[in-house]
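Counting convention: from 1, in listed order, for ligands and their atoms alike. Residues: numbered from 1 along the sequence shown.
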Amino acid sequence: MKKFDAKNLVRKNCLSFEPYVAGKPIETLKRELGLKHIIKIASNENPLGPSKKAVKAMKNIADKVYFYPDFNSTELKTAIAKHYKLNINNVIVGCGSDELIEIIARLFFTPSDEIVISKHAFTRYQMAVKLMDAKEVVVPMKDGFVHDLKAMAKACNKNTKAVFITNPNNPTGTYNTAKEFEDFLKALPVNKFGTKPIVISDEAYYEYASYKKDFPNTIKLLQKYPNLIVLRTFSKIYAMAGARVGYGLSSPTIIDYIERIRPPFNVNKFAQAGAIASLQDKTQVTRSLNHVRKEFKFIFTELKKLGIKYVDSVGNFFLMSVAPFKGKEVFQKMLREGVIIRAMDEYQLYNYVRVTIGTRKENELFLKKIKKVLNK
Ligand SMILES: *Cc1c(COP(=O)(O)O)cnc(C)c1O
């Protein structure tokens, strides 16, 4: 092949990107480590699995795969709108809410825009900001690993195009209350574009946090705050991470512009069918939420006995201190014990790991192994 380096052609802001490294498949690890049994409690997946109705709906259309999906996901959008008593023009769907984060960035962010993000928040926003060569403004958290919404509002100026909030936050499991959130919306200054900044409230774990009476009802706020975008997903409590489907709720004007740049057919046929069926299954949310709350009680009681520090969580995962050890070290040692968790270096939390709530059996195994690895 002729000498050719694509480097000179790549946009400068994209040169420092690294490929996303996902966890190794369980089967590969089993072979490499010579282990018979490995559990994965690393990606905030719901071990109870999806609604049976969703599985059936996806199976039922397998032989229709030769048809393109509905490019507009009309039936799914209608189901989501109905679920929240909104209109279809308030709804956008994406190949996971992850895709929507990137589409929002592509639509709105330019190099002269400032985007406000919290430290230790979900990392995908930084990537989206970098992709568009916009300026990221990182605000430290309050004590207890909570988004400091007052400081985030103060960090906004004439150049602020958008603010990202993860509520509840991944990886800390903490949340901002309804009062904090609405005070924040009110406090935002008008920017040089003559509007308030766009506020993206990423609520991937909303259903898990919904038992908290003071958790914000952002759907209600959409009327009053047309600059608000709420992101939710079928990947977490609905246990459809493999199907890739998430959605955004906002004012018709924001949805209209997002629709114009959304790739057609971005949500596949199976994801659309599975998501619609999931919404019809009222038991999916309650059984998963009940499981997680019960397991948190169990795990935290044990961790307290062992003197291990953790951050209380309203999600389906928690952040745990492994100090004086490094999270990376503990991740490796746990791997050799057959338990996959997550180190938190990419979140600058070097002495922490994040653990997803598994089945009772998985949680018991986790506790047994963490005790061994931390010499407790
Ligand atoms: C998992 C997660 C997402 C992405 O979810 P998908 O819909 O699967 O793309 C978005 N935000 C947060 C905070 C998450 O934890």
Side-chain angles (χ1 to χ4, degrees), residues 20 22-23 40-47 49-50 54 73 76-77 80 91-106 115 117-129 131 141 145-147 162-176 181 199-210 215-216 218 229-249 258 262-263 266-268 270-272 274-275 278-279 284 288 292 311 313-319 341-342 344 346-347 349 353-357:
Y20 184 79
K40 183 184 174 216
I41 43 173
S43 302
N44 303 346
E45 291 145 343
N46 177 357
S73 304
L76 173 55
K77 280 190 212 161
I80 293 167
V91 185
I92 181 96
V93 294
C95 182
S97 46
D98 209 43
E99 183 190 47
L100 294 174
I101 293 167
E102 198 180 306
I103 291 181
I104 290 165
R106 290 209 306 263
I115 314 298
I117 299 174
S118 173
K119 192 164 183 193
H120 310 309
F122 191 51
T123 53
R124 299 293 297 161
Y125 321 133
Q126 292 188 337
M127 183 267 171
V129 172
L131 179 70
M141 281 189 154
F145 292 109
V146 181
H147 275 56
V163 185
F164 281 101
I165 293 167
T166 331
N167 203 18
N169 185 42
N170 174 12
T172 59
T174 51
Y175 72 105
N176 290 102
F181 191 77
V199 174
I200 301 117
S201 184
D202 181 352
E203 302 177 357
Y205 305 93
Y206 160 75
E207 295 86 354
Y208 284 115
S210 61
F215 191 84
T218 43
I229 305 176
V230 177
L231 296 181
R232 292 185 185 174
T233 181
F234 287 95
S235 295
K236 302 290 157 62
I237 211 162
Y238 288 106
M240 299 228 314
R244 311 302 304 124
V245 51
Y247 55 98
L249 307 167
I258 297 177
R262 170 184 65 81
N266 61 332
V267 179
N268 74 62
F270 305 102
Q272 290 185 34
S278 290
L279 283 178
Q284 175 69 16
S288 306
V292 159
V311 181
S313 169
V314 298
N316 70 329
F317 56 88
F318 63 98
L319 193 65
I341 54 175
R342 272 291 282 269
M344 292 281 105
E346 60 187 306
Y347 291 95
L349 295 162
V353 293
R354 190 193 66 199
V355 182
T356 304
I357 301 297

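Contact annotation: E99 has no heavy atom less than 4.0 Å from any atom of ligand 1. Y205 counts as a contact of ligand 1, since one of its heavy atoms falls under 4.0 Å from the ligand.
Of the protein's non-hydrogen atoms, the one nearest atom 13 (C) of ligand 1 is T166 CG2, 3.3 Å. With respect to atom 3 (C) of ligand 1, the closest heavy atom belonging to the protein is K236 NZ, 3.5 Å. Considering only non-hydrogen protein atoms, atom 11 (N) of ligand 1 sits nearest to D202 OD2, 2.6 Å. Looking from atom 9 (O) of ligand 1 to the surrounding protein, the closest heavy atom is R244 NH2, 2.8 Å. Remark: minimum distance from atom 4 (C) of ligand 1 to any protein heavy atom is reached at S97 OG, 3.5 Å.
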Please test Q284 against N46 for side-chain contact (heavy atoms from CB on, under 4.5 Å), starting from the C-alpha separation and ending with a verdict. CA-CA 11 Å; Q284 175 69 16; N46 177 357; 3.8 Å; yes
Going through the distances and angles, do H147 and T166 end up as a side-chain contact (heavy atoms from CB on, under 4.5 Å)? CA-CA 8 Å; H147 275 56; T166 331; 3.9 Å; yes
Between L249 and V91, does a side-chain contact (heavy atoms from CB on, under 4.5 Å) hold up when you go through it step by step? CA-CA 5 Å; L249 307 167; V91 185; 3.9 Å; yes
side-chain contact (heavy atoms from CB on, under 4.5 Å), that's the test. Do I80 and R232 meet it? Break it down for me. CA-CA 11 Å; I80 293 167; R232 292 185 185 174; over 6 Å; no
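The side-chain heavy atoms of I165 and V199, taken from C-beta on, include a pair separated by under 4.5 Å.
For the side-chain contact (heavy atoms from CB on, under 4.5 Å) test with F318, the passing option among V353, I357, V311, T172 is I357; the others fail.
The CG atom of L131 sits 7.5 Å away from atom CZ of R106, with the distance rounded to the nearest 0.5 Å.
Heavy-atom contacts of A204 reach the following atoms of ligand 1: 2 (C), 11 (N), 12 (C), 14 (C) (cutoff under 4.0 Å). Applying the 4.0 Å criterion to heavy atoms of N170 picks out, from ligand 1, the atoms 13 (C), 14 (C), 15 (O). For ligand 1, the atoms closer than 4.0 angstrom to any heavy atom of G96 are 6 (P), 7 (O), 9 (O). Of all atoms in ligand 1, numbered sequentially from 1 with element shown, those under 4.0 Å from a heavy atom of S235 are 6 (P), 7 (O), 8 (O).
In summary, the aromatic rings of Y205 and F317 are positioned with their centroids under 6.0 Å apart.
The residue from T233, N316, V245 that puts a heavy atom closest to atom 7 (O) of ligand 1 is T233.
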